[in-house]
Protein chains: 2
Amino acid sequence: MVNSRFSVAIHILSLIATTSDKSQLTSDYIAGSVNTNPVVVRRMIGKLKKAGLLTSQSGIAGYGLVIEPKDLSLLSIYRAIDGPEQLFAIHDEPNPACAVGRQIQHTLETVYLDVWHAMEKQLQAQTLQDVLDQLR
Amino acid sequence: MVNSRFSVAIHILSLIATTSDKSQLTSDYIAGSVNTNPVVVRRMIGKLKKAGLLTSQSGIAGYGLVIEPKDLSLLSIYRAIDGPEQLFAIHDEPNPACAVGRQIQHTLETVYLDVWHAMEKQLQAQTLQDVLDQLR
DNA sequence: TTAACCTGTAACTATAATAGTTACAACAGG
DNA sequence: CCTGTTGTAACTATTATAGTTACAGGTTAA
């Protein structure tokens, strides 16, 4: 299976965006909504914080969004987490003595980059606010 | 890491398309170019065959393409193999007592479907022939 | 100042995906 | 019948993922 970190990140950010009583937002509470372990949540929040998407303070309950939902693209979120660094893996060390083997890696990189760009564009077009709207 | 089956499938099909002496095309030979085990190649070829992309005969060396490279989209290849069945996993059993938890799965499915469609379109636009052209 | 509660993070573990490997049945052709 | 091939099952090794335990250190209030 592919990892679910992107989904968890969006879930966490949605919770923060929609919870008015910030002191309620502990890693434990969030873990209860996501249905995972508080440490998994704190780990993810660490990445989101490092990426400048949210604020937190050691020892104090509550997280805050740095960027308004309507200005926070899903692409920004995707980039903040450790998503798979590539869409498709390329087998390594194909035979350089073979015409196909010699060129296939570079060719596939080009092909996959085009695919990634299409995906990137779609992720850029959707914001956290769009997700919040769909949650109603 | 994400799996490399798509890359291997394209490599195999490229080899078949560019090798004129079909009797040279044994799973062992192909494995030598891809740099993997012959069984991995035969397994992949089994999928491609089942999808109607190539022909083979038990006991006889040589594989043949069913569809011309210019008519074979990368999307067809992608669909033929066991790629990750989804782009992003969705964490399961989020808390139904929570407004976000209750709706997040359905919402994410919609979001991811849009992303997948963008990717699909890009894969549809490229053919095996495009790959072969880039291999020169 | 101490107790309760929180975050941040390291380290370990369990599970599952991936791909490599061995083994062998069945088929083809000289 | 012998050699070489495909097709496939079964097993193994490696790695990614995420769950878990543990604990250092910050914060607040009694």
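All values derive from a computational prediction rather than experimental measurement. Just the heavy atoms: all of them, side chains too, but no hydrogens, waters or symmetry mates, feed the values below. Every chain is numbered from 1 and lettered A, B, ... according to where its sequence line falls, protein lines coming before strand lines.
Considering only side-chain N and O atoms, A:Lys50 lies nowhere under 4.0 angstrom from the phosphate OP1 or OP2 of C:dG8. OP1 and OP2 of C:dA17 both lie 4.0 Å or more from every side-chain N or O belonging to B:Asn3. OP1 or OP2 of D:dG7 sits under 4.0 Å from a side-chain N or O of B:Ser56. Within the 4.0 Å cut-off from OP1 or OP2 of D:dT8, not a single side-chain nitrogen or oxygen of B:Arg42 is found. The shortest distance between the side-chain N/O atoms of A:Arg43 and the OP1/OP2 oxygens of D:dA18 is not below 4.0 Å. Remark: A:Lys49 is not in phosphate contact with C:dT7, judged by side-chain N or O atoms under 4.0 Å from OP1 or OP2.
A:Gln122 and B:Val115 make their closest contact through CG-CA, 3.6 Å (heavy atoms, listed as atom of the first residue, atom of the second, distance). The two residues A:Ala51 and A:Ala80 make their nearest non-hydrogen contact at CB-CB, 3.4 Å. Residues A:Ser23 and A:Ala61 come closest through the heavy atom pair O-CB, 3.7 Å. The two residues A:Asn35 and B:Asp92 make their nearest non-hydrogen contact at ND2-O, 3.4 Å.
Here B:Glu68 pairs with nothing under the salt bridge (charged side-chain N to carboxylate O under 4.0 Å, His left out) rule; sequence neighbours left out.
With hydrogens and angles ignored, the 3.5 Å screen pairs no side-chain donor or acceptor of B:Ser76 with any backbone N or O of B:Leu72.
The distance between atom NZ of B:Lys47 and atom P of D:dT8, rounded to the nearest whole Å, is 11 Å. In this structure, the CE atom of B:Met44 is 16 Å from the P atom of C:dT21, given to the nearest Å. Distance CD1 (A:Ile90) to P (C:dT18): 17 Å, rounded to an integer number of Å. Atom pair B:Glu93:CD and D:dG19:P shows a separation of 11 Å (rounding to whole Å applied). Atom CD in B:Gln86 sits about 14 Å away from atom C1' in D:dT17, given to the nearest Å. Spacing between atom CG of B:Asp92 and atom C1' of D:dT17 amounts to 13 Å, rounded to whole angstrom units. Residue B:Ile12 contributes atom CD1, which lies 14 Å from atom C1' of D:dT6 at whole-angstrom precision. At whole-Å resolution of the value, CD1 in B:Ile45 and P in D:dT8 are 12 Å apart.
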Let me see the working for A:Thr26 and A:Asp28 under side-chain hydrogen bond (donor to acceptor under 3.5 Å, both in side chains), right down to the final yes or no.
CA-CA 5 Å; A:Thr26 63; A:Asp28 215 52; 5.5 Å; no

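When distances are taken from the side chain of A:Asn37 to each of D:dT17, D:dT20, C:dT21, the shortest belongs to D:dT20. Which of C:dT18, C:dT21, C:dC6 sits closest to the side chain of B:Arg5 comes down to C:dT18. When each of D:dA18, C:dG20, C:dT7 is scored by its nearest atom to the side-chain atoms of A:Ser27, the top-ranked nucleotide is C:dT7. Of the listed nucleotides (C:dT7, C:dA19, C:dA10), C:dA10 has the atom at the smallest distance from the side chain of A:Val39.
The number of heavy-atom neighbours closer than 6.0 Å to NZ of A:Lys121, taken from other residues, nucleotides and ligands shown, is 12 or below.
Residue contacts shown for B:Tyr63 are limited to sugar-phosphate atoms, with no base heavy atom under 4.0 Å away.
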Give every pair of a protein N or O atom and an N or O atom of nucleotides 24-30 of chain D that lie under 3.5 Å apart, one pair per line with the distance.
from: D:dG26; atom 1: N2; to: A:Gly59; atom 2: O; distance (Å): 3.4

